[in-house]
Amino acid sequence: MATLSCQPSDLATLLGSTATANSSAVADYLCSRFNTVAATLTSTSYALDNTYLLFSAYLVFAMQLGFAMLCAGSVRAKNTMNIMLTNVLDAAAGGLSYYLFGFAFAFGAPSNSFIGRHFFGLSHFPNPSTDYSFFLYQWAFAIAAAGITSGSIAERTQFVAYLIYSTVLTGFVYPIVSHWFWSADGWASAARPSNLLFNSGAIDFAGSGVVHMVGGIAGLWGALIEGPRIGRFDRSGRSVALRGHSASLVVLGSFLLWFGWYGFNPGSFLTISKSYNDGRPYYGQWSAIGRTGVTTTLAGCTAALTTLFSKRLLVGHWNVIDVCNGLLGGFAAITAGCAVVDPWAAVICGFVAAWILIGFNKLAEKCSYDDPLEAAQLHGGCGAWGLIFTGLFARKEYVAEVYKAGRPFGLFMGGGGRLLAAQLVEIAAIVGWVSVTMGGLFYGLKKAKLLRISREDEMAGMDMTRHGGFAYVYNDEDDPSGKPAGFMLRRIEPADGSPSPVDDRYPSGMAAV
């Protein structure tokens with residue numbers, strides 16, 4: 001909002017000089033009222049923007065529920081409690097680590113181009129440039145990155161390893177990357193006022209690289225170092241499907257993530273009341289937010305439909321799990337450029353993202369790589385495509401609105417190759433940084449025997465061996481006995497010797513305890 005001010009001396013000359021005392025009094029009175037109105041409007045603008053950011057933070061946090069449902073449905077039932085608990089811990093451990101030092105490393109300005117150095121433990125909060133709502137929003141992003149990684153290493157990872165990696169990822173690894181590309185001090189940030197990378201900076205508006213690639217590459221190293229789940233590949237190296245136990249939970253989780261993405265992408269504007277002052281009073285940041293919601297929707301929808309028909313041609317049937325993963329791949333890809341591309345370009349983004357996900361899944365099978373949720377392929381692969389896509393299709397007018405006029409824009413839109421070069425540098429920087437830090441961490445955990453559970457525990461399921469019991473009654477497809485394993489059975493005989501009642505839900509002659 002433009003700054004409004006009033007000085008009595010400015011009005012006194014307009015009121016005439018015949019009655020200087022009266023004109024000065026009138027000027028003082030009018031200016032006091034004018035300044036009161038201006039202060040009220042300024043406060044209202046702050047309140048509106050903070051309310052918008054808080055609402056967006058709640059939507060992004062609700063994605064944790066989506067991750068939990070998606071993860072639960074994608075694993076076998078004997079590991080349901082384990083994967084649900086890890087999702088809770090991502091939020092809880094991430095909350096403390098991001099509060100203590102993660103936020104400071106990310107946005108602790110003034111700082112150097114590598115790492116922030118202020119606001120540890122939210123000291124000196126709030127201030128003219130940062131409020132609590134901004135911290136809450138960024139924390140929701142940080143734990144989203146940790147949630148991505150947990151899917152890659154599901155069903156075979158020790159509980160203590162989850163605690164360690166989640167704390168390190170949200171408190172150090174992720175904040176450094178977000179500082180590089182989102183902080184005004186970051187060496188590759190498009191928000192940097194000067195000395196821009198290739199005179200452009202990397203445009204990663206809502207985090208295809210910062211969030212999705214970080215989580216995906218971390219998960220890639222975790223899954224590679226741990227190795228595949230027992231039974232995932234046979235002795236000849238052929239892929240064996242270890243299907244998740246609930247397609248219903250996968251669909252529910254996907255819809256919750258879809259819903260939360262409207263806080264993830266449009267919410268990354270941080271404010272809603274800004275006017276672009278281009279002569280159109282109806283057009284402002286609120287319009288750009290609406291356009292961002294549209295591009296997000298179109299990319300996800302296109303990726304879902306492309307996956308549906310592509311997998312039908314490739315494998316011969318319609319698969320709802322593949323469609324849900326394709327949908328999320330489209331969302332992960334559009335996240336980088338959602339604010340600076342046209343809706344028609346989002347359709348292209350989603351179409352290519354679907355094929356990238358299919359291709360990476362085929363490559364994973366060839367390499368005997370096991371990722372129960374396809375998290376590395378989806379978030380890492382589609383996230384990298386999203387950065388490249390932005391370097392190709394970013395529109396000049398939208399880049400000027402969101403960042404600054406005169407910045408490089410998409411190669412295919414006539415803007416040259418500087419933005420694309422910056423995007424490629426971001427991809428390389430994230431892959432290198434996360435590989436060194438998280439790859440080193442997972443390798444250290446393996447050497448310390450803190451990473452993978454025992455073969456016996458993995459076969460029995462972590463719910464029973466590590467968490468005190470099963471989530472619910474179930475019958476896994478890979479159980480050779482064919483008997484429900486979620487409860488114990490024994491024969492119950494009435495005291496009078498009459499035949500025991502049999503519930504037809506259970507095997508003949510048996511009753512549930």
Side-chain angles (χ1 to χ4, degrees), residues 1-6 31-63 103 106-107 109 119 122 125-141 178 182-184 189-193 201 203-207 259-297 334-343 394-407:
M1 174 178 287
T3 302
L4 302 175
S5 63
C6 178
C31 279
S32 67
R33 295 299 182 267
F34 181 85
N35 289 333
T36 299
V37 172
T40 302
L41 290 175
T42 300
S43 299
T44 301
S45 177
Y46 278 124
L48 178 62
D49 289 337
N50 273 274
T51 300
Y52 174 72
L53 188 57
L54 282 171
F55 179 71
S56 298
Y58 304 152
L59 286 178
V60 177
F61 179 71
M63 295 176 78
F103 182 81
F107 298 102
F119 307 144
L122 295 187
F125 248 64
N127 57 64
S129 61
T130 310
D131 208 335
Y132 290 108
S133 56
F134 182 67
F135 165 81
L136 195 68
Y137 187 68
Q138 294 301 332
W139 161 72
F141 270 60
S178 57
W182 284 348
S183 169
S189 174
R192 192 179 176 94
I203 293 180
D204 189 4
F205 182 73
F259 179 67
W261 235 291
Y262 292 123
F264 207 94
N265 287 3
S268 291
F269 278 93
L270 306 181
T271 62
I272 193 173
S273 62
K274 178 182 176 181
S275 174
Y276 290 147
N277 298 317
D278 63 348
R280 295 177 291 175
Y282 59 86
Y283 184 79
Q285 192 135 289
W286 50 89
S287 303
I289 288 171
R291 183 185 65 244
T292 300
V294 171
T295 57
T296 301
T297 302
I334 195 61
T335 297
C338 54
V340 295
V341 300
D342 284 305
R395 182 173 167 177
K396 179 180 180 180
E397 293 83 357
Y398 300 156
V399 172
E401 290 172 358
V402 177
Y403 296 99
K404 189 177 181 181
R407 293 284 181 86

Student: How far apart are the closest heavy atoms of Phe119 and Ala109, and which atoms are they?
Tutor: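 So the minimum-distance heavy-atom pair works out to CZ-O, 3.9 Å.
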
Student: Between Arg291 and Glu401, does at least one N-O distance fall below 4.0 Å, as a salt bridge requires?
Tutor: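 So Arg291 pairs with Glu401 through a salt bridge.
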
Student: One pair to check against ring-ring contact (aromatic ring centres under 6.0 Å, His included): Phe107 and Phe135. What are the steps and the verdict?
Tutor: CA-CA 9 Å; Phe107 298 102; Phe135 165 81; over 10 Å; no

Student: Dump the intermediate steps for ring-ring contact (aromatic ring centres under 6.0 Å, His included) on Phe269 and Tyr52, then the final yes or no.
Tutor: CA-CA 10 Å; Phe269 278 93; Tyr52 174 72; 8.3 Å; no

Student: Distance only, no hydrogens: is a donor on one side chain within 3.5 Å (strictly under) of an acceptor on the other, for Ser183 and Ser189?
Tutor: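 No, no side-chain donor-acceptor pair sits under 3.5 Å.
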
Student: Would you please say whether a donor-acceptor pair under 3.5 Å links the side chains of Thr296 and Asn265?
Tutor: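 Per modelled atom types, Thr296 and Asn265 side chains form a pair under 3.5 Å.
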
Student: Between atom CG of Leu48 and atom OG of Ser273, what is the distance when rounded to the nearest 0.5 Å?
Tutor: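 Rounded to the nearest 0.5 Å, the CG-OG separation comes to 5.5 Å.
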
Student: Between Thr295 (side chain) and Thr292 (backbone), is there a donor-acceptor pair under 3.5 Å?
Tutor: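 Yes: the side chain of Thr295 pairs with the backbone of Thr292.
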
Student: Heavy atoms only: give me the nearest Pro193-Ala184 pair and the separation to one decimal.
Tutor: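 Scanning both residues, the minimum pair turns out to be CD-O, 3.5 Å.
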
Student: Compare all side-chain heavy atoms of Ser56 with those of Phe61 and state whether any distance is below 4.5 angstrom.
Tutor: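 Side chain of Ser56 against side chain of Phe61, heavy atoms only: no contact under 4.5 Å found.
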
Student: Is any side-chain heavy atom of Tyr398 closer than 4.5 Å to one of Val341?
Tutor: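 The answer is no; the side chains never approach within 4.5 Å.
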
Student: Taking atom types as modelled, find out whether Gln285 and Thr271 have a side-chain donor-acceptor pair closer than 3.5 angstrom.
Tutor: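 A donor-acceptor contact under 3.5 Å links the two side chains.
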
Student: Using 0.5 Å steps for rounding, measure from the CD atom of Gln138 to the CG atom of Leu270.
Tutor: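 The CD atom of Gln138 sits 7.0 Å away from the CG atom of Leu270.
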
Student: With a 6.0 Å cut-off (strictly less than), is the heavy-atom count around OH of Tyr276, excluding the residue itself, greater than 12?
Tutor: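 Buried by this count: over 12 neighbours within 6.0 Å.
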
Student: Decide if atom CZ of Phe55 counts as having more than 12 heavy atoms of other residues, nucleotides or ligands within a radius under 6.0 Å.
Tutor: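 Open.
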
Student: Walk me through it: do Phe141 and Trp182 pass the test ring-ring contact (aromatic ring centres under 6.0 Å, His included)?
Tutor: CA-CA 12 Å; Phe141 270 60; Trp182 284 348; 5.8 Å; yes

Student: Just by distance, do the side chain of Asp131 and the backbone of Asn50 share a donor-acceptor pair under 3.5 Å?
Tutor: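 Side chain of Asp131 to backbone of Asn50, a donor-acceptor pair under 3.5 Å: no, none is there.
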
Student: Can you see which heavy atom on Ile203 is nearest to which on Ala190, and at what distance?
Tutor: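 Result for this residue pair: CG1-CB, 4.2 Å.
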
Student: Side chain to side chain contact (heavy atoms under 4.5 Å, CB included), that's the test. Do Phe264 and Cys338 meet it? Break it down for me.
Tutor: CA-CA 11 Å; Phe264 207 94; Cys338 54; over 6 Å; no

Student: Which heavy atom in Ala47 sits nearest to a heavy atom in Thr51, and how many Å separate them?
Tutor: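 Closest heavy-atom pair between Ala47 and Thr51: O-OG1, 2.7 Å.
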
Student: For a 4.5 angstrom cut-off between non-hydrogen side-chain atoms, does Val60 reach Trp261?
Tutor: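 A side-chain contact is absent here, since even the closest heavy-atom pair is not under 4.5 Å.
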
Student: For a quick test of reading the model, state the closest non-hydrogen atom pair linking Val402 to Phe205 and the distance between them.
Tutor: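 Looks like CG1-CE1, 3.7 Å.
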
Student: Would you kindly say whether Thr297 and Tyr262 are connected by a side-chain donor-acceptor distance under 3.5 Å?
Tutor: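 A donor-acceptor contact under 3.5 Å links the two side chains.
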
Student: Work out which heavy atom in Glu397 is nearest to a heavy atom in Arg395; give both atom names and the distance.
Tutor: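 Taking every non-hydrogen atom into account, OE1-NE, 2.9 Å.
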
Student: Among Leu59, Leu53, Leu54, find the residue that satisfies the side-chain contact (heavy atoms from CB on, under 4.5 Å) test when tested with Tyr137.
Tutor: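 One option only clears the test, and that one is Leu53.
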
Student: Within the supplied structure, the quantity of interest is the number of heavy atoms (other residues, nucleotides, ligands) at a distance under 6.0 Å from Phe125 CZ; does it exceed 12?
Tutor: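 Yes - once you tally the heavy atoms of other residues, nucleotides and ligands closer than 6.0 Å, there are more than 12.
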
